[in-house]
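So the structure is just underneath, and the comments pick up after that.
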Amino acid sequence: MFGNFTYCNPTKLYFGEDSLNNLKTELRKYGNNVVLVYGGGSIKKNGIYDDVLRILTESGKNVAEISGVMPNPTLSKLRAGIEIAREHQADLLLAVGGGSVCDYSKAVSVSVNCEEDPWEKYFVRFEEPECRLIPVGCVLTMVGTGSEMNAGSVITNEETKQKIGHVFASEDVMPRFTVLNPVYTMTLPEYQMVAGIYDIFNHICEQYFSGEDDNTSDYISEGLMRSVIHSSRAAVKDPQNYEARSNLMWTATWALNTLISKGKTTDWMVHMLGQAAGGYTGATHGMTLAAVSLPYYRYIMPYGLAKFVRFAENVWGIAPAGKTQEQIAAEGLAAMEDWMKEIGVVMKLSELGVSKDMLEDLADRTIPLKGGYKELSRDEIIRVFRESL
């Protein structure tokens with residue numbers, strides 16, 4: 001492994017069917033004013049809301065609510081949440097939901113006491129918070145983003161159609177604690193489950209497809225990818241399979257808690273492409289990633305051929321005998337494509353509402369990144385989008 005790095009992750013995890021029982025212990029560490037943050041109301045239908053509110057009440061907390069957080073949280077929703085948290089003088093933001101609710105809560109956390117415009121400061125200039133943060137805790141109900149154990153936050157400016165993520169440098173932005181009960185994820189529609197599965201897998205790919213050295217992080221990544229592939233097949237066959245759903249939940253957390261990025265450059269271009277499409281259409285995040293992944297990886301494969309060969313052999317079990325390096329690598333991506341179709345992800349941007357006349361605008365909203373095997377030009381970005389249609 002090359003380079004120097006520091007690793008610290010302060011998020012405390014409670015995992016398992018009885019994990020919510022630990023919420024009362026965590027609540028004792030914070031003041032009385034709690035803001036409960038959640039999405040469209042599914043937690044009220046499945047009983048999670050009642051369980052959480054009962055624990056908050058038993059703990060003597062004064063509770064305000066931010067409800068209706070959408071799958072791609074908007075800037076206007078962020079501004080509304082900031083006002084609620086300020087008026088309530090929040091001591092803790094408790095996010096109950098999926099990654100979008102966790103992302104949103106972190107954005108509120110860094111913005112409540114910020115005197116500047118949060119969009120300009122955090123999502124345009126990518127500056128770090130200089131104000132006092134509001135602690136965040138999470139009760140996770142959907143897996144995929146890894147937001148429950150990292151410092152990332154993604155917000156969509158609905159006026160400019162920009163969907164931008166900021167991974168904050170400070171570990172103080174990370175959730176202080178997260179409750180991970182795999183049973184909670186079993187109430188999701190299959191479409192959301194599958195989107196989350198691909199989100200997990202792509203998070204690992206984004207960190208794996210970079211670098212040339214013999215890196216421990218890549219060995220961990222290969223194991224995580226194999227776990228996702230195996231568990232996804234079991235979960236699609238039987239969504240109530242606790243073992244499969246628990247493995248997916250645990251893998252999602254480790255896929256993006258920064259562990260497997262250590263000692264590596266990373267390549268987040270699939271996310272830049274997918275977020276541009278998501279900001280423009282409002283489509284589900286994991287599905288936008290799925291639609292652009294294969295065209296992107298096939299385009300950059302010649303520039304990182306050795307890693308794509310390793311991916312084919314170690315993740316997909318492609319036999320190398322009698323084949324060229326290019327053939328092995330191509331078979332690996334073909335196996336990935338077969339698996340994606342098997343679990344039912346969206347394979348084309350056109351299925352998400354993207355048309356040819358949008359490609360120029362999508363390219364304008366795509367942030368080109370370094371760190372991968374090739375930095376894309378604007379023309380190459382348009383080419384990948386065109387192949388993704």
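To the nearest 0.5 Å, atoms CG (Leu93) and OG (Ser105) are separated by 6.0 Å. Rounding to the nearest 0.5 Å gives a distance of 8.5 Å between CE of Met149 and OG1 of Thr258. Tyr297 contributes atom OH, which lies 5.5 Å from atom OG of Ser293 (distance to the nearest 0.5 angstrom).
You'll find the side chain of Leu133 reaches within 4.5 Å of the side chain of Pro129, heavy atoms only. A heavy-atom distance below 4.5 Å is not found between the side chains of Leu94 and Val35.
Applying the 4.5 Å side-chain rule to ILVMFWY residues, one finds that Val167 remains a lone member of its cluster.
Arg245 contributes a side-chain N or O that, together with a main-chain N or O of Thr185, makes up a donor-acceptor pair within less than 3.5 Å. Side chain of Thr288 to main chain of Gly274: a donor-acceptor pair is present (N/O by atom type, distance under 3.5 Å, no hydrogens or angles).
Between the side chains of Asn72 and Lys163, at least one donor N or O sits under 3.5 Å from an acceptor N or O. Of the N and O atoms on the side chains of Gln162 and Thr160, at least one donor lies less than 3.5 Å from an acceptor on the other residue. A donor and an acceptor atom, one from each side chain of Glu127 and Tyr122, are nowhere located under 3.5 Å apart. No hydrogens or angles considered: nothing links the side chains of Ser217 and Gln207 as a donor-acceptor pair under 3.5 Å. His271 and Asn202 form a side-chain donor-acceptor contact under 3.5 Å, judged by distance and modelled atom types alone. Using modelled atom types, one finds no donor on one side chain facing an acceptor on the other under 3.5 Å when comparing Tyr373 with Asp267.
A salt bridge links Arg378 with Glu360: the closest approach of a Lys/Arg side-chain nitrogen to an acidic carboxylate oxygen falls below 4.0 angstrom. One finds a salt bridge joining Glu130 and Lys121 here, because a Lys/Arg side-chain nitrogen approaches an Asp/Glu carboxylate oxygen to under 4.0 Å. Using a 4.0 Å cut-off between charged side-chain N and carboxylate O, Arg383 and Glu387 make no salt bridge.
Residues Lys106 and Ser153 come closest through the heavy atom pair CB-CB, 4.4 Å.
Aromatic ring centres of Phe177 and Tyr14 lie farther apart than the 6.0 Å criterion allows. Aromatic rings of His166 and Phe168 (six-membered ring for Trp) have centroids within the 6.0 Å cut-off, being under it.
Of the listed residues (Tyr303, Phe308, Tyr296), just one forms a ring pair (Phe, Tyr, Trp, His ring centres under 6.0 Å) with Phe209, and that residue is Phe308.
Geometrically, Lys307 engages Tyr208 in a cation-pi contact, judged by NZ or CZ lying under 6.0 Å from the ring centre and within 45° of the ring axis. At least one cation-pi condition fails for Lys262 and Tyr7: the charged atom is not both under 6.0 angstrom from the six-membered ring centre and inside a 45 degree cone around its axis. The side-chain tip of Arg310 points at the ring of Tyr219 from less than 6.0 angstrom away and within 45° of straight on.
Sorted by first then second residue, the side-chain hydrogen bond (donor to acceptor under 3.5 Å, both in side chains) pairs that include residues 87-102, not counting sequence neighbours, number zero.
Residue Glu159 places its CD atom among 12 or fewer non-hydrogen atoms of other residues, nucleotides or ligands, all under 6.0 Å distant. Heavy atoms from other residues, nucleotides or ligands lying under 6.0 Å from CD of Glu243 number 12 at most.
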